[in-house]
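For reference, the structure discussed in these notes is given below.
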There are 2 protein chains.
Amino acid sequence: MTIDEDCHQDCPGLLPEPAVDELRLEAVLHALADPTRLRIVADLAWAGGDELNCLAFELPVTKSTLTHHFRVLREAGLIRQHRRGTSKMNTLRVGDLAARFPGLLDAVLAAAEPCFTTPKPAAH
Amino acid sequence: MTIDEDCHQDCPGLLPEPAVDELRLEAVLHALADPTRLRIVADLAWAGGDELNCLAFELPVTKSTLTHHFRVLREAGLIRQHRRGTSKMNTLRVGDLAARFPGLLDAVLAAAEPCFTTPKPAAH
DNA sequence: CTCGTAGTTTGACAGATCTCGTAGTACGGC
DNA sequence: GCCGTACTACGAGATCTGTCAAACTACGAG
């Protein structure tokens, strides 16, 4: 059933995603405009390039909803998804986004950070 | 005749808008995610701070829709609206946005520019 | 005062979006 | 082979959004 066209030469299990020159600004902004997705992107950014599976995020939504948001992010080109066993690993496409929309992701993350800074042992 | 009766402190006819510290990232991103509104913002940016009335934009929508989009932009804090006779002048809140979300507007405009630099009907 | 211009308000509607629950698929461990 | 985990697919419902048309207000020019 699954023809697995996502099986490129180097990365089996890589799910289809837009190429760098196919990234659309509207889609990226729309994907980032949702608080749940913005949170996911921020978490991925803090992971520093590490892969995170879909359930590694503590979000107040069900798995179905999470799947939906991850697909929106992937189809907008913000994240890369890669099957690995029963899990699906997610990474931010930092380089691709910086190449296509220089400074955009950095500015969004810098603006979003104050909203999500939970661990802050500095004060108190 | 034009007495500053409803002037808050400086500008009579200024429509209500969120303060700088009330700007919400989601709202800004959501406002920018629509192609019509992104176009308006880009046009205002190119105006270089000049005021533009609502009908100065050549957009394929009716006046009602335009009013709707301008309100979304103003309530998100992206533009400032100021009554002037029968017209309503619009300006980008460049400084406020840069103060609250440094680099965000610049990055968006830089990313949006290639989409709009060809307003002429080009063979696709 | 009358008229035209600029913009608003309202209601309506189609389509998108977010969310969920349930059922289903894919994979690894036993 | 069987079961649990991780995720997906399929509705379905509620809300939001973009769009329009028509009626309305506000202002300035004659």
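Note that the structure is predicted; figures quoted are calculated from it, not measured. Proteins get letters first, then strands, A, B, ... in listed order; numbering begins at 1 in each.
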Protein-nucleotide distance ([X], atom [atom1]; [N], atom [atom2]), rounded to Å:
{"X": "B:Leu59", "N": "D:dT19", "atom1": "CG", "atom2": "C1'", "result": "14 Å"}
{"X": "A:Lys63", "N": "C:dT22", "atom1": "NZ", "atom2": "P", "result": "13 Å"}
{"X": "B:Arg84", "N": "D:dG28", "atom1": "CZ", "atom2": "C1'", "result": "14 Å"}
{"X": "A:Glu26", "N": "C:dT17", "atom1": "CD", "atom2": "P", "result": "12 Å"}
{"X": "A:Leu66", "N": "C:dT19", "atom1": "CG", "atom2": "P", "result": "10 Å"}
{"X": "A:Phe70", "N": "C:dC18", "atom1": "CZ", "atom2": "C1'", "result": "16 Å"}
{"X": "A:Arg39", "N": "C:dC18", "atom1": "CZ", "atom2": "P", "result": "18 Å"}
{"X": "A:His82", "N": "C:dA26", "atom1": "NE2", "atom2": "P", "result": "18 Å"}

Check every strand shown and say whether [X] touches a base, only sugar-phosphate, or nothing at a heavy-atom separation below 4.0 Å.
{"X": "B:His68", "result": "base"}
{"X": "B:Val72", "result": "nothing"}
{"X": "A:Ser87", "result": "sugar-phosphate"}
{"X": "A:Arg37", "result": "sugar-phosphate"}

Nucleotide forming a Watson-Crick or wobble pair with D:dA29, both distances under 3.5 Å: C:dT2
Return the nearest nucleotide to the side chain of [X]; candidates are [options].
{"X": "A:Thr86", "options": "C:dC27, D:dG18, C:dC18", "result": "C:dC27"}
{"X": "B:Thr65", "options": "D:dC20, C:dG7, D:dA6", "result": "D:dC20"}
{"X": "A:His30", "options": "C:dC20, D:dC20, C:dT17", "result": "C:dT17"}
{"X": "A:Arg71", "options": "D:dA9, D:dG18, D:dA22", "result": "D:dA9"}

Check: A:Ser64/A:Thr67 side-chain N/O donor and acceptor closer than 3.5 Å: no
N-O pairing of A:Asp43 and A:Arg39 below 4.0 Å: yes
Any side-chain heavy atom of [X] sitting closer than 4.5 Å to one from [Y]?
{"X": "A:Gln81", "Y": "A:Met89", "answer": "no"}
{"X": "A:Leu32", "Y": "A:Val41", "answer": "yes"}
{"X": "A:Leu15", "Y": "A:His82", "answer": "no"}

Heavy-atom donor-acceptor pair, A:Ser64 side-chain to D:dA9 base, under 3.5 Å: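 Yes.
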